[in-house]
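Contents: one structure, followed by commentary.
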Amino acid sequence: MRSYLSKACYAIFGLSMLTQSLAAQSKFQDIMQERGLSEQDAIAALKVYQPSGKHDEYYMFVSGGQSGQMLVYGVPSMRILKYIGVFTPEPWQGYGFDEDSKAILREGNIRGREINWGDTHHPALSETKGVYDGEYLFINDKANARIAVIDLKYFETSQIVVNPIFKSDHGGAFVTPNTEYILETCQYAAPFTNDYYPMEAYEDVYRGGVTFWKFDRDKGKISQDESFTLELPPYMQDLSDAGKGVSYGWGFSNSFNSELYTGGIEKGLPPFEAGCSRSDTDFLHVYNWEKLAKLAKDSKNVKVINGHRVVPIEVAVKNDALFLIPENKSPHGVDVSPDGQYIVVSGKLDTHSSVYDFKKILELIKNKEYAGVDPYGIPILDMKKSLHGQLELGLGPLHSSFGKEDGTVYTSLYVDSQIVKWDYKKLKLLDRVNIHYNVGHLEAMEGKSADPQGKYLVALNKLSIDRFLPVGPLHPQNNQLIDIGEKKMQLLYDLPIGLGEPHQAASIRASKIHPAVRYNMGTNSKTLKPHIGKTLAGEERIERKGNHVYVYATMVRSHINPEHITVNKGDKVTLYLTNLERAQDETHGFTIDQHGMHTSVEPGETTQLDFTADLEGVFPYYCTEFCSALHIEMMGYLLVKDPNKKYDWIQKAKIKTLSPQELELEHKKVTANNEATDNVIETLFAFLQENHYEKYPTVKNLVDDAKDQYSKIVTERKKASDAYKQNNLENAILFENMVWQYMIKTADSAIRAKDLLVNELATPKTAAAKRGEEAFNEGGCSGCHVIGNVSSGPDLIGVLKRHKNAQQWIAEYIKDPQSKFDEPYMKRLIKFFNLKMPNQNMKDSEIKDIIEYFKWIDENADLF
Ligand code: K7E
Ligand code: CUA
């Protein structure tokens with residue numbers, strides 16, 4: 001244990017100083033003991049922990065199950081980054097609360113019914129040549145047979161399509177290797193039309209199927225007119241996957257009711273669960289979507305149902321585009337290997353996983369070597385002749401995800417609560433790890449693409465039982481992170497998910513995702529086109545057309561323009577809100593009290609709120625994001641008056657005002673203050689300019705923002721001087737104050753830009769200097785000493801040149817300040833600052849490091 005531990009300690013703290021590392025090691029052990037951590041725990045912690053400011057290596061997109069949303073977190077830290085509203089309203093983002101996002105949500109209406117609920121199961125990332133390209137994300141809604149498109153530039157839902165003939169789905173979303181199509185397989189068979197048919201009509205009229213949604217990459221949308229469905233028998237199709245490589249052009253779906261059982265427990269019949277698992281085998285459906293897509297183009301080959309093209313079973317069979325292969329009963333997962341040759345199918349009720357060989361399947365198809373035909377006339381291929389082989393894995397194998405090394409695959413065991421690693425080519429077990437209860441899906445990094453990355457695996461567990469602090473009878477789900485980078489798998493971390501049941505996840509290297517930080521000014525974020533309500537600074541207005549009032553409003557730190565909106569009771573109101581900010585992370589939210597509305601207006605975005613002013617009264621409105629120091633002041637009033645009423649109000653109260661002399665004085669004070677602030681800003685800009693800030697994109701972003709804020713000063717200044725000329729000192733002061741607000745915002749961004757730039761330009765700190773900086777800050781030194789400034793203590797730039805044998809002198813002084821107080825120079829300093837440096841009880845090693853830090857400061861003195 002000791003040797004392993006000290007190895008870990010060396011790894012963390014470096015070998016440079018033996019005493020240092022021994023001290024660290026003992027601290028490390030103290031913490032482990034105090035927190036009751038084993039060596040395994042400590043190693044797991046080191047593998048997961050991300051220091052503040054460091055980004056994760058992978059994004060994980062997880063379905064939110066019954067929440068109807070998507071969830072995004074980072075791997076390996078498992079820090080939750082976002083919930084994306086998809087099939088359900090999401091209040092923070094205003095999704096489903098403003099008109100623009102309602103337009104997306106309402107695309108999901110079914111036969112005129114508003115559906116605000118979804119059951120998301122299987123996310124899929126867009127692919128190019130079978131490899132994730134990071135552009136789009138797709139997700140299905142099992143409950144209502146819908147598919148949604150999420151644009152990963154903005155992390156927003158951009159489209160919802162309703163399947164015109166399915167009532168539920170499950171085998172979606174799965175994409176073909178160039179995202180030509182998104183596959184959506186029906187789950188619970190039902191008539192394709194919207195008519196009533198009794199259960200007795202199950203075999204004749206109830207149908208399953210797989211819909212091929214055509215994805216138009218240029219538009220970033222599904223083209224519903226170019227999409228079609230392959231009709232399938234009512235076998236209750238389950239999961240699916242698209243072929244790739246050698247199996248490109250083909251698709252695979254399994255099923256769980258080859259018995260065609262129809263239930264009826266209330267009539268004394270065996271329940272579905274018994275009837276659907278009577279036979280030893282179910283059917284893997286094998287179909288050629290490339291061929292089907294061509295067939296569907298000819299109207300002779302399709303039936304049109306609810307305006308949607310359906311390729312009937314007979315047509316697919318006649319054209320050699322549809323086959324069945326028996327598979328072990330009640331299968332769940334079907335996963336195509338990265339090279340496309342093997343298809344791994346696992347059956348919940350069988351301890352084996354089956355590996356089908358696509359080359360063998362293709363041979364059988366070419367030679368028309370069939371083992372039989374099903375009742376619907378579909379040729380059945382021999383199971384044994386299609387198989388590469390089977391391997392016994394354990395109880396309840398469900399889903400699979402592929403590893404980095406050729407032939408490796410990870411499979412979840414639902415009943416055994418394990419992950420097994422095995423070789424699907426050599427049919428050999430390699431490793432297994434116990435996890436917590438009842439795993440469903442699992443995701444090794446990019447494990448379903450043609451380019452799996454290995455490294456980590458996440459098990460999506462259904463139960464958490466006792467893993468977390470109890471929160472009542474409904475428990476969170478548990479996503480467990482597993483290290484698969486080494487020979488032996490190791491469980492690292494548990495992430496509770498308190499949102500819904502994530503079924504499947506899709507992971508992608510962070511380097512492949514390139515989200516935007518702002519919209520072009522005035523964009524409708526749902527269409528990505530200019531919003532009809534786009535309003536620029538100076539264009540704010542309220543227009544009335546009959547009894548419809550249109551408000552063109554803007555939001556910018558820290559005001560909403562207009563601040564008073566007066567309408568008549570009964571008026572229709574349309575409110576357009578444009579966020580004029582260009583700065584990163586400067587979102588404003590907007591709500592009117594007691595109106596049940598909310599919108600999130602992100603930098604550059606325009607959104608729309610519609611309502612009828614049916615209640616008389618005074619309703620404050622405000623910005624709902626804490627956007628700046630004056631966020632709470634970012635408000636206004638909606639005043640709704642009854643045109644048929646007469647209003648009286650109490651006389652204006654008498655409030656003491658300033659005398660002309662007092663006003664003059666106040667005016668002087670604010671202008672002097674503005675001048676001083678302006679000087680600070682000038683110095684900041686000069687520094688940034690001299691040091692070529694434009695070469696560093698993150699710095700440039702901040703400087704752009706600062707300049708943007710600064711540019712607003714001109715008009716405010718003019719207003720101030722105009723008011724002054726007209727002898728309206730009260731307004732002159734208020735406008736000068738406004739000038740100051742913009743200066744503060746400018747300075748705020750410019751200072752952040754300067755700090756970043758200093759970091760970019762400074763020589764790198766040695767490990768010792770870094771530790772020294774930490775000791776300096778944590779030891780309280782920074783409370784009195786500000787580098788580059790005289791504060792409550794002297795500036796420490798050049799401190800190493802101020803004394804003879806300075807390093808030794810400083811070391812002695814920090815160790816025991818009192819010992820130097822009688823030196824003449826120190827006497828003067830103490831008198832000047834009226835303070836004595838306290839003894840902060842620094843350790844020798846810390847003092848040594850602090851001196852290294854001072855050396856670094858001197859090297860970079862010109863930057864402070
Ligand atoms: Cu939960 Cu893929 Cu819907 Cu298995 S499914 S667990
Ligand atoms: Cu804008 Cu708060």
Side-chain angles (χ1 to χ4, degrees), residues 62-66 92 94 118-124 139-143 145 168-174 183-188 236-241 253-254 256 330-335 345-348 396-401 411-415 417 419 437-443 448 458-463 477-479 497 500-506 553-561 563 577-581 583 585-591 598-603 605 607 620-636 741 745:
V62 189
S63 58
Q66 301 87 336
W92 171 46
D119 185 11
T120 56
H121 275 237
H122 304 109
I139 180 73
N140 74 314
D141 166 18
K142 169 169 168 165
S168 70
D169 73 26
H170 194 227
F174 296 93
L183 273 54
E184 181 194 22
T185 315
C186 178
Q187 178 123 76
Y188 305 122
M236 307 282 196
Q237 284 75 29
D238 195 44
L239 284 175
S240 309
D241 204 358
S253 300
N254 50 28
F256 65 81
S330 297
H332 197 36
V334 48
D335 297 282
V345 175
S346 301
K348 298 169 284 206
L398 288 189
H399 297 288
S400 295
S401 187
T411 300
S412 55
L413 300 182
Y414 180 81
V415 180
S417 291
I419 303 292
Y437 293 127
N438 300 88
V439 56
H441 277 273
L442 75 176
E443 168 75 351
K448 287 186 175 63
V458 172
L460 287 80
N461 302 345
K462 303 294 181 190
L463 310 177
Q477 304 276 314
N478 184 6
N479 282 11
I497 306 234
E501 178 186 350
H503 286 265
Q504 197 191 14
T554 61
M555 300 177 89
V556 72
R557 277 161 290 169
S558 309
H559 52 262
I560 302 163
N561 186 353
E563 295 188 334
L577 292 147
T578 299
N579 181 343
L580 297 176
E581 308 276 358
D585 203 6
E586 265 310 333
T587 291
H588 301 288
F590 182 89
T591 187
H598 182 239
T599 182
S600 164
V601 201
E602 284 132 44
E605 190 181 359
T607 65
Y621 52 79
Y622 67 96
C623 166
T624 62
E625 285 264 338
F626 205 110
C627 51
S628 65
L630 290 164
H631 146 79
I632 301 187
E633 291 79 353
M634 196 164 174
M635 50 110 32
Q741 294 298 347
K745 289 170 207 163

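Numbering starts at 1 and runs along the sequence shown. Read the numbers this way: they start at 1 and go in the same order the structure lists the ligands and their atoms.
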Check: Any side-chain heavy atom of S558 sitting closer than 4.5 Å to one from Q741?
Finding: no
Notebook entry, point to check: Which ligand 1 atoms, with their elements, are less than 4.0 angstrom from a heavy-atom of K462?
Noted result: 1 (Cu), 6 (S)
Notebook entry, point to check: Do H122 and H441 have ring centres separated by under 6.0 Å?
Noted result: yes
Next item on the list: Tell me which N, O or S atom of H121 sits nearest to atom 3 (Cu) of ligand 1.
Entry: ND1
Margin query: Please list, in number order, the atoms of ligand 1 under 4.0 Å from a heavy atom of H503.
Written below: 1 (Cu), 3 (Cu), 5 (S)
Notebook entry, point to check: Are any non-hydrogen side-chain atoms of D238 and Q187 less than 4.5 angstrom apart?
Noted result: yes
Next item on the list: May I ask you to check whether H631 and H588 place their ring centres under 6.0 Å from each other?
Entry: no
Notebook entry, point to check: Once rounded to 10°, what is the value of the angle centred on atom 2 (Cu) of ligand 1 between H122 NE2 and H441 NE2?
Noted result: 100°
Check: Out of H170, K142, H121, H399, which residue meets the side chain to side chain donor-acceptor pair (under 3.5 Å) rule with H503?
Finding: H121
Margin query: Within 2.8 Å of atom 4 (Cu) of ligand 1, is there any N, O or S atom belonging to H399?
Written below: yes
Check: Under a 4.0 Å heavy-atom limit, does L239 contact ligand 1 with its side chain, its backbone, both, or neither?
Finding: side chain
Checklist line | Nearest-0.5 Å distance, OG1 of residue T120 to CD of residue E501 | finding: 9.5 Å
Note to self: With the threshold set at under 4.0 angstrom, would you say H332 reaches ligand 1 through any of its heavy atoms?
What the structure shows: yes
Notebook entry, point to check: For ligand 1, which atoms sit closer than 4.0 Å to a heavy atom of G440?
Noted result: 6 (S)
